[in-house]
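Notes to accompany the following structure.
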Amino acid sequence: MHYVFLAPTGWGFMLLHKWRDSNAMTVTDGGSYTSCLQPTLNAIGGFLQHEANPHDRWAWILSHIDYDHYSLTVALIKAGLWSKPKIVVLPAVYSSKVCREALEEYHKLALIVAAMLRLPPPSFRDLAEVTSNTKRLGVGQGARLYARELLYHILWPPTSGIWPLCEKLLERLRGKLNKAMVKCKKMLGEKVCREAMERGELEAGKLLEALEPEEVVEVIDLDRELRIGDAENSELYRGDQWIETERPTYGYIFIEAVQELKDEELLQLHRDIVNNFSLAYTIEQRGRNHIRILPFKVLNHLIPCILKIRCYGLASSNSLLLYPSDLGGEALTQTIRYYKQHYGHHPQTIIEVAAHHGNAYTSELQGITSLIVFLPRCNRHVPKALRRNFRYWQLFGDLSVCLGIYSGHMYGLEVKIWL
């Protein structure tokens with residue numbers, strides 16, 4: 001039996017996957033928006049510390065570096081409640097020089113824009129401290145990460161074609177950074193803007209050093225890798241336990257720039273960075289027709305008191321969970337196209353994790369049949385029409401989706417997979 005728990009983390013998402021007959025665990029992301037982080041920790045911190053603690057044999061799949069995708073996991077590590085991961089899985093694009101240069105310009109631009117908006121700079125230090133001394137593996141489209149009877153099939157980023165996109169993005173970022181510096185100097189003076197730029201250069205170097213993969217892999221047996229040097233990362237975090245909870249996210253800074261500076265291009269640059277530096281996957285069963293019964297529990301404050309249903313395995317598909325991260329636009333289109341090439345033109349998956357940005361409602365995902373759609377959102381981040389029509393969960397009868405779950409801070413999903 002494999003145990004999967006999709007934790008309610010406010011605006012973010014955390015997936016805990018404990019492997020069959022093993023203490024090993026895979027954790028995907030684990031973050032919450034700044035204003036939601038403390039309520040999330042209050043609601044599920046005890047559960048994550050005692051009932052779902054990965055201890056010393058776990059791999060962390062980090063889809064991208066938005067604060068709401070890593071802050072909860074980092075907070076647990078820095079508070080000494082979880083040990084550091086032994087393996088961190090990242091998009092392979094972090095190993096590309098031109099892509100790394102684009103990310104560096106993006107970070108510097110974020111600091112200049114934050115200065116103009118009189119906001120603190122975005123947080124990065126906690127993430128860099130956690131990932132800097134771990135084994136970092138880069139993966140691209142088609143890579144397979146084996147976790148006993150299940151495997152993670154990477155859908156994005158592509159193994160080719162991303163570097164020309166980074167080159168174009170780098171050129172656009174440099175042009176926008178030059179314009180931002182001119183505007184910053186007019187607003188704040190040369191000294192303030194120069195200091196922000198210098199700080200951005202220093203921080204970006206540390207961040208990129210902490211995120212650069214040691215190697216890019218196409219196939220990896222996570223179970224074997226986690227058994228190598230069992231004691232290496234078993235100790236709890238012993239460094240500075242200060243957690244940067246009050247810093248704005250990159251996304252918040254660029255969204256505010258649209259409102260205050262009237263610059264739509266800044267937000268588009270942010271979205272392009274997210275698309276280029278993200279990781280999406282599906283979880284497969286190894287072989288077909290192995291699943292007999294899947295019991296699902298919806299957990300309210302981690303007590304299984306709301307709903308319990310049983311969904312039978314899908315004979316025509318071996319895709320158990322689809323996680324498209326926060327991808328949008330052409331990146332999401334290409335990801336779903338690749339997914340359909342491998343799982344059929346009308347694919348089925350048992351669980352679809354729909355990112356809070358709303359990509360669950362894009363046309364690219366409408367052709368996928370999902371037994372459950374899990375939407376990790378703050379209550380106030382769920383569209384009003386959906387709140388009015390479905391409340392927080394709703395049976396859909398004969399429609400392609402049998403259950404939709406809106407997480408808020410209260411709702412988690414527990415899945416036991418029998419193979």
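All values reported here derive from a predicted model rather than from experimental measurement.
Scanning all heavy atoms of the two residues, the minimum distance from Arg136 to Thr131 falls at NH1-O, 3.1 Å. Residues Leu211 and Leu90 approach most closely at O-CD1, 3.1 Å, considering heavy atoms.
Applying the side-chain hydrogen bond (donor to acceptor under 3.5 Å, both in side chains) rule to Arg194 yields no partners; only residues at least two apart in sequence or on another chain are considered. In this view, Arg100 and Glu212 satisfy the salt bridge (charged side-chain N to carboxylate O under 4.0 Å, His left out) rule, not counting sequence neighbours. For His270, the ring pair (Phe, Tyr, Trp, His ring centres under 6.0 Å) test picks out Phe254, with sequence neighbours left out.
At distances below 3.5 Å, at least one donor-acceptor pair connects side-chain atoms of Trp156 with backbone N or O atoms of Asn275. With hydrogens and angles ignored, the 3.5 Å screen pairs a side-chain donor or acceptor of Trp58 with a backbone N or O of Ser83.
For the pair Lys168 and Asp272, the salt-bridge criterion is not met [side-chain N within less than 4.0 Å of a carboxylate O]. Between Arg57 and Asp223 a salt bridge is recorded (basic side-chain N to carboxylate O distance below 4.0 Å). The existence of a salt bridge linking Arg199 and Glu195 is excluded, since no basic side-chain nitrogen approaches an acidic carboxylate oxygen closer than 4.0 Å. At a threshold of 4.0 Å, the pair Lys206-Glu203 does not count as salt-bridged, since none of the basic side-chain nitrogens sits closer than that to a carboxylate oxygen.
Aromatic ring centres of Tyr106 and Phe277: separated by at least 6.0 Å.
Side-chain contact annotation: Ser63 with Asp29, donor-acceptor N/O pair under 3.5 Å present. No side-chain N or O of Thr28 forms a donor-acceptor pair with one of Tyr152 less than 3.5 Å apart. Defined by atom type and a distance below 3.5 Å, a donor-acceptor pair is present between the side-chain atoms of Ser319 and Tyr339.
Exactly one residue among Leu226, Ile77, Val27 makes a side-chain contact (heavy atoms from CB on, under 4.5 Å) with Pro85. That residue is Ile77.
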